[in-house]
Amino acid sequence: MIYFDNAATSYPKPEVVYKAVDIAMKKYSFNAGRGSYEAANIVHLMINETRKKIASLVDADWNDVVFTSSATESLNNIIYGLNLTKGDSVYVSPFEHNAIIRTLYAIGIEPILLPFDKETWKFEEEKALSQMIINRPKAVIISHISNVTGFELPYNQIFKLSKKFDAINVLDSAQGFGIYSIDKNDIDFIVFAGHKSLQAIFGIAGYIRCSKAKLAKYKVGGTGSDSLNFKMPDSFPSGYEAGSLNSIGIYSINAAIDFLNSAKFDIIEYDLTKYFLKKIYDLENIIVYLPKDYCSKGIISFNVVGYTSDEIGDILANDYEICVRTGYHCAPYIHEFIDSKKYLGTVRVSFNGFNKYEEIDSLIDALKEL
């Protein structure tokens, strides 16, 4: 099997992560903050050590790292916690995931699309400024890297503009966190997923508060402290972590960060992506969804003329044992932007630092046979 669906979840995981999960099952399967015995205290210390490692990736305060079960839960907590109401202006890009869009619609907000040029994909700042003057932004919520195209959004440029209007800025870094650097200037919250680029396991994710922005409590329950209080604690992060923390998943992040600090996955993914793009651009009847001369961040969408995206996915899986993702990828706006609806979405390949050039050659050879 050749696996090119790392934007869905990274596979394989680093060997140290597999070992860490085994160790955690035996050593860290205790409820932190709920007991005064040594094993619970050890877990508590490990969790805080992991917070520090996560915070160090963006130069944040480790006390501002909140753990959740998924990036989707993180975005729900933030969006609901901002106390947005119908009529508030919330801006998103055409590249966003339904974890953002559906959550906004659930609270009665139809987001405003930030303007990007459809040919160059350049952010049209003057148009956006005109939009924001008319409809002052309460929040701007955008991806770090598109899960469909691998396009890295100019989030610093966008957030610098929206801060002129005192907007709350949220960066969804489900794709790329742990591999690609983030400049936290003008960012209020950064969302991360454990099981994607961070190379950890399912069931653990979180967000980082990079400012003193306030959030209402969306998820409530036991925290192991102040138990006679009928309200959630005001402290951060414990006031936002109701329920038992996933200590096993947290330890997998702990090990994954140590691995990534020396693995150079950013360089490997860049080289693999550049290699693939050079090969696929030489093929006939292939549409690649990227601006000219742009090398994406490990994710590429394409289509083959004469086939739907699902047909290509089935052929690659059944005839060549190559795993790709097809369809609309939970991203409702991007397919209008790149004009891929006639193909029922796109064929998406996404690389991990463990992929090989020979695997890319196999995919290119398969596409040549169509």
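This chain uses plain numbering: 1 for the first residue, then up along the sequence. Any value given below was found using the heavy atoms of this structure, including those in side chains, with hydrogens, waters and symmetry copies removed. Since this is a predicted model, take the numbers as computed values, not measurements.
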Checklist entry - Asn352 and Ser10: side-chain donor and acceptor closer than 3.5 Å? => result no
Next on the checklist: Between Glu96 and Ser143 (side chain of the first, backbone of the second, donor and acceptor by atom type, cut-off under 3.5 Å), is there such a pair?
Outcome noted: yes
Checklist entry - Less than 4.5 Å apart, any side-chain heavy atom of Ile190 and any of Ile187? => result yes
Next on the checklist: Which label fits Phe30 and Tyr37: parallel for a plane angle under 30°, tilted from 30 to 60°, or perpendicular past 60°?
Outcome noted: perpendicular
Item to check | Residues His144 and Gln175: side-chain donor-acceptor under 3.5 angstrom | outcome: no
Checklist entry - Is it true that a side-chain atom of Lys196 and a backbone atom of Ala7 form a donor plus acceptor pair closer than 3.5 Å? => result yes
Checklist entry - Is a side-chain donor or acceptor of Ser29 paired with a backbone partner of Ala24 at a separation under 3.5 angstrom? => result yes
Item to check | Lys297 side chain to Ile145 backbone, donor-acceptor under 3.5 Å | outcome: no
Item to check | Ring centers of Phe151, Trp121 separated by less than 6.0 Å | outcome: yes
Item to check | Short side-chain donor-acceptor distance under 3.5 Å, Ser74 and Thr68 | outcome: yes
Checklist entry - Between the main-chain N or O of Gly176 and the side-chain N or O of Ser197, is there a donor-acceptor pair closer than 3.5 Å? => result yes
Item to check | Which residues share a ring-ring contact (aromatic ring centres under 6.0 Å, His included) with Phe67, sequence neighbours left out | outcome: none
Checklist entry - Hey, does the side chain of His335 reach the backbone of Tyr328 with a donor-acceptor pair shorter than 3.5 angstrom? => result yes
Next on the checklist: Between Asp365 and Ser362, do the side chains contain a donor N or O and an acceptor N or O under 3.5 Å apart?
Outcome noted: no
Next on the checklist: Ignoring hydrogens and geometry beyond distance, is a side-chain donor-acceptor pair present between Ser309 and Thr326 at under 3.5 Å?
Outcome noted: no
Next on the checklist: Test your reading of the model: is there a side-chain donor-acceptor pair from Ser301 to the backbone of Thr346, 3.5 Å cut-off?
Outcome noted: no
Checklist entry - Ring centroid separation for Tyr11 and Phe354, is it under 6.0 angstrom? => result no
Next on the checklist: Tell me whether the rings of Phe116 and Phe123 are parallel (<30°), tilted (30 to 60°) or perpendicular (>60°).
Outcome noted: tilted
Next on the checklist: Holding to side-chain hydrogen bond (donor to acceptor under 3.5 Å, both in side chains), I want the full list of residues that pass it with Tyr289, two or more places apart in sequence or in another chain.
Outcome noted: Asn303
Item to check | The single option from Asp166, Asp188, Asp88 passing salt bridge (charged side-chain N to carboxylate O under 4.0 Å, His left out) against Lys138 | outcome: Asp88
Checklist entry - Under 6.0 Å between ring centres, would you say that holds for Tyr207 and Phe192? => result no
Checklist entry - If you measure from the Lys or Arg side-chain nitrogens to the Asp or Glu carboxylate oxygens, is any gap between Lys19 and Glu15 under 4.0 Å? => result no
Checklist entry - Going by heavy atoms in the side chains, are Tyr251 and Ile201 under 4.5 Å from each other? => result no
Checklist entry - Any ion pair linking Glu241 and Arg51 (charged N to carboxylate O, less than 4.0 Å)? => result yes
Item to check | Donor-acceptor pair between Ser350 and Asn6 side chains, under 3.5 angstrom | outcome: no
Checklist entry - Does the distance from a Lys or Arg side-chain N to an Asp or Glu carboxylate O, for Glu73 and Lys219, drop under 4.0 Å? => result yes
Checklist entry - Got a donor-acceptor contact below 3.5 angstrom from the Tyr180 side chain to the Glu152 backbone? => result no
Checklist entry - Phe337 and Phe95: aromatic ring centres closer than 6.0 Å? => result yes
Checklist entry - Do Ile141 and Leu171 come close enough that some side-chain heavy atom pair is under 4.5 Å? => result no
Checklist entry - Salt bridge check: are Lys342 and Asp339 linked by an N-O gap of less than 4.0 Å? => result yes
Checklist outcome for this item: When rounded to the nearest 0.5 Å, the distance separating CD1 of Ile299 from OG1 of Thr149 is 7.5 Å
Checklist entry - Is a donor on one side and an acceptor on the other found under 3.5 Å between the side chain of Asp117 and the backbone of Thr120? => result yes
Item to check | N/O donor-acceptor pair under 3.5 Å between Ser130 side chain and Glu126 backbone | outcome: yes
Next on the checklist: Is it true that Glu359 and Tyr3 share a donor-acceptor pair across their side chains at a distance under 3.5 Å?
Outcome noted: no
Item to check | Salt bridge present between Lys341 and Glu336 (N-O < 4.0 angstrom) | outcome: yes
Item to check | Carboxylate-amine/guanidinium contact Asp5 Arg348, below 4.0 Å | outcome: yes
